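Encoded as structure tokens, the structure appears first; notes follow it.
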Amino acid sequence: MLNELHIENIAVIERADIRFTEGMNVMTGETGAGKSIVIDAIGAVLGGRVSRELVRHGAEKALVTASFDCAGAADWLRENEIDAEDELIIQRRISADGKSSCRICGVPVTAAQLKELGAHLVDVHGQNDGRLLMDEKLHLGYLDRFGSYQAELDRYAREYAAYRRLRREIDALQMDEIEKSRLSDSLRYQIAELERAELKEGEKAEVEGRLELLRHSEKLTESIGEAYRALYGGDDNAVAMAQNAAYFAQRAAAIASELEGAAKAIGDAAFMLTDAAEQLRDFQDSLDFSPEEFDRLEGRMSLFRKLERKYNKEIDELPDYLEICRKKLEDIESADDKLLKLQKELAEQTARCQSTGAALSKKRRETAALLQQRIVDELRDLSMPSVRFAVEFQPLSEEQGFDASGIDEVRFVMSANAGEELGRISKIASGGELSRIMLAMKNVFAENDPVDTMIFDEIDTGVSGIAAQRVGEKLFSVSAGKQVLCVTHLPQIAAMADSHFVIAKQERGGRTYTEVTPLDREGRRRELARLYGGDNVTEITLAGAEEQLSAAEHFKNTFLRST
């Protein structure tokens, strides 16, 4: 339940604090006074889209804060690890540049999270929702929303997903023979070319290293020879001198022990120099430079560069690409066998879809009979005594006889007056009838809906007289189990309120301000009189308002005693 709403700098509302109650809360006021702005503020705090135009002119930011009972959102809060104690506080801040920030119980969240939470808290019925009834593509969704066959819906969804997966696999395999031949030839050519190349992982680096040696072979040979001669050539080479030094240092260390470290270091150096000389000799012996090898390696590098350009891949990636090509060619060559297998599986899956679709359709038809009666009962309560309402089923026109929604094409048909044939709602229903049908559906759906708060923004469109009286009574009956917030222009509906707020626009200092004021019994009487007679509030309109309030109180007391 929505307990409190705090609004700052939203459109023409500079500041407002509204404390809602259980039951039926009504907001009235002149056209343009700002009633819908309150609804927009609630939409904003529940994650709806916002823009900088929503921020009051001249203000740096706008703020909406709402306080709810936690009951309807306990599971969502737990899943999102947000702690709320006795109440759920939601806040939406909107800056003058249109950016916004959201918090739930002080925890920063995204607008998407806020919208997800809002779906658990409030159901908003806007001025244009009645028009949605004319879109027959939505009728099946309304029926499924009323039904209690989620298991059948889930089962069918799984079977249809499997069917679509098989269809995609078959579509991927099915290609014309010319395209298949072209792709096969291309793959065979690529495979042959890459197999001839006999590529090995890391080979390019090896070839590049060997070529570097060959390009500098003369300088390399000269440098190794000079280094080796310095270490091991002639009588005064570095190895011989180090060995002599090690010998004499060892003799000295035998007399002066403190020289043992020096003697050991010189001995180690002699061994290291000997080892280095042997490495130089071995490397020099391994050198076998020839123009033929250089030409062969240059040709190999040229091939690498050509393949890299052609396939737009590094040379070390081409062995994996070769395997991919082989797999593609294998798939094409075995496509006919695989296609036959998939088509057999598709036929079996089609039968499963038709079977589960038929089971779902049976549930829908059972539910449709119940929905028809419930809607007719509700509409008769709404001053449509001769109405007939039906759910019409047609088989789908698709070749396989089903789609993502099942095997049914559903639309609502009605007859508003005695003696008239059933027809499409879009052709038959007036604006007032659309409003009442949608209200009837909302009331029926509310029984299974865990959302505790329902908002009706000008549900009275096209409604007047006795019909308006019945709409008011129906809204009050809804409020017996749900909190109802209602924006209305009709005194018959306003009279049914448990809490009544008037929204008025004033000018001060050249600026427009909207204020939201809760009304006491006398204030309600005067506001109903205004709704009846406009600015011309007379004793007669006041008396009529009093009579309307008394009649509403009598109805409410009688209704509550009977429930």
Side-chain angles (χ1 to χ4, degrees), residues 189-328:
Y189 177 82
Q190 293 180 58
I191 291 169
E193 182 177 49
L194 293 174
E195 287 178 340
R196 283 196 304 271
E198 296 182 337
L199 302 173
K200 302 181 184 68
E201 186 176 352
E203 182 186 6
K204 182 180 178 182
E206 292 178 5
V207 171
E208 286 176 328
R210 184 65 177 170
L211 277 173
E212 185 68 16
L213 289 177
L214 291 174
R215 290 190 186 100
H216 302 91
S217 59
E218 185 176 343
K219 186 181 294 185
L220 178 63
T221 301
E222 179 184 350
S223 298
I224 292 173
E226 291 296 328
Y228 182 77
R229 279 190 292 274
L231 286 174
Y232 228 70
D235 295 333
D236 296 329
N237 61 70
V239 172
M241 293 176 69
Q243 289 173 341
N244 286 336
Y247 170 75
F248 287 111
Q250 190 63 42
R251 287 181 62 185
I255 301 170
S257 60
E258 58 264 37
L259 295 175
E260 289 180 357
K264 184 178 185 306
I266 296 171
D268 290 344
F271 281 119
M272 293 176 66
L273 290 172
T274 302
D275 186 57
E278 290 175 353
Q279 287 186 45
L280 289 170
R281 184 194 62 209
D282 292 343
F283 188 83
Q284 188 174 40
D285 291 344
S286 71
L287 293 177
D288 183 18
F289 299 121
S290 69
E292 292 79 9
E293 181 186 10
F294 185 84
D295 292 342
R296 180 180 63 78
L297 293 177
E298 279 285 15
R300 193 68 173 162
M301 282 301 300
S302 176
L303 175 63
F304 291 162
R305 288 190 289 269
K306 172 188 172 184
L307 293 175
E308 286 179 332
R309 286 194 304 270
K310 182 173 183 178
Y311 293 100
N312 194 28
K313 296 180 185 297
E314 294 294 328
I315 203 70
D316 286 342
E317 297 175 320
L318 288 177
D320 290 338
Y321 179 71
L322 173 60
E323 291 304 315
I324 292 172
C325 290
R326 287 169 174 160
K327 180 65 169 60
K328 285 183 178 179

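Just so it is clear, the structure is predicted and the values come from calculations on it, not from any experiment.
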Using atom types as modelled, flag every donor-acceptor pair under 3.5 Å from a side chain in residues 248-272 to any protein atom, sequence neighbours excluded.
from, atom 1, to, atom 2, distance (Å)
K264, NZ, D268, OD2, 3.1

Self-check item: Step-by-step side chain to side chain contact (heavy atoms under 4.5 Å, CB included) determination, V207 to F304
Solution: CA-CA 10 Å; V207 171; F304 291 162; 4.2 Å; yes
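In terms of the salt bridge (charged side-chain N to carboxylate O under 4.0 Å, His left out) criterion, K328 has no residue partners (sequence neighbours excluded). When the side-chain contact (heavy atoms from CB on, under 4.5 Å) test is applied to Q279, the partners found at least two apart in sequence or on another chain are D275. Residues passing the ring pair (Phe, Tyr, Trp, His ring centres under 6.0 Å) test with Y311 are Y321, sequence neighbours excluded. Scanning for side-chain contact (heavy atoms from CB on, under 4.5 Å) contacts around K310 gives Y189, E193, with sequence neighbours left out. By the salt bridge (charged side-chain N to carboxylate O under 4.0 Å, His left out) test, E298 is found to be paired with R215, residues two or more places apart in sequence or in another chain being considered.
Minimum interatomic distance between G202 and D316 (heavy atoms only, all atoms of both residues): N-OD1, 3.3 Å. Residue E203 comes nearest to E198 through the heavy atom pair OE1-O, 3.9 Å, listed as atom of the first residue, atom of the second, then distance. Across L307 and A197, no two heavy atoms sit closer than the pair CD1-CB, 3.9 Å. Across all non-hydrogen atoms, the minimal contact from I315 to P319 is O-CD, 3.4 Å. A242 approaches L273 most closely through the heavy-atom pair CB-CD1, 3.9 Å.
Here the CD1 atom belonging to I324 is positioned 10.5 Å from the CG atom belonging to L318, to the nearest 0.5 angstrom. Rounding to the nearest 0.5 angstrom, the gap separating the CG atom in L194 from the CG atom in L199 is 6.5 Å. For the atom pair CG of L322 and CD of Q190, the computed distance is 9.5 Å after rounding to the nearest 0.5 Å. Note that OG of S302 and CG of D295 are 12.0 Å apart. Values are rounded to the nearest 0.5 Å.
Around atom CD of E201, no more than 12 heavy atoms belonging to other residues, nucleotides or ligands sit under 6.0 Å away.
With respect to R300 and E206, no salt bridge is recorded, no charged nitrogen being found less than 4.0 Å from a carboxylate O.
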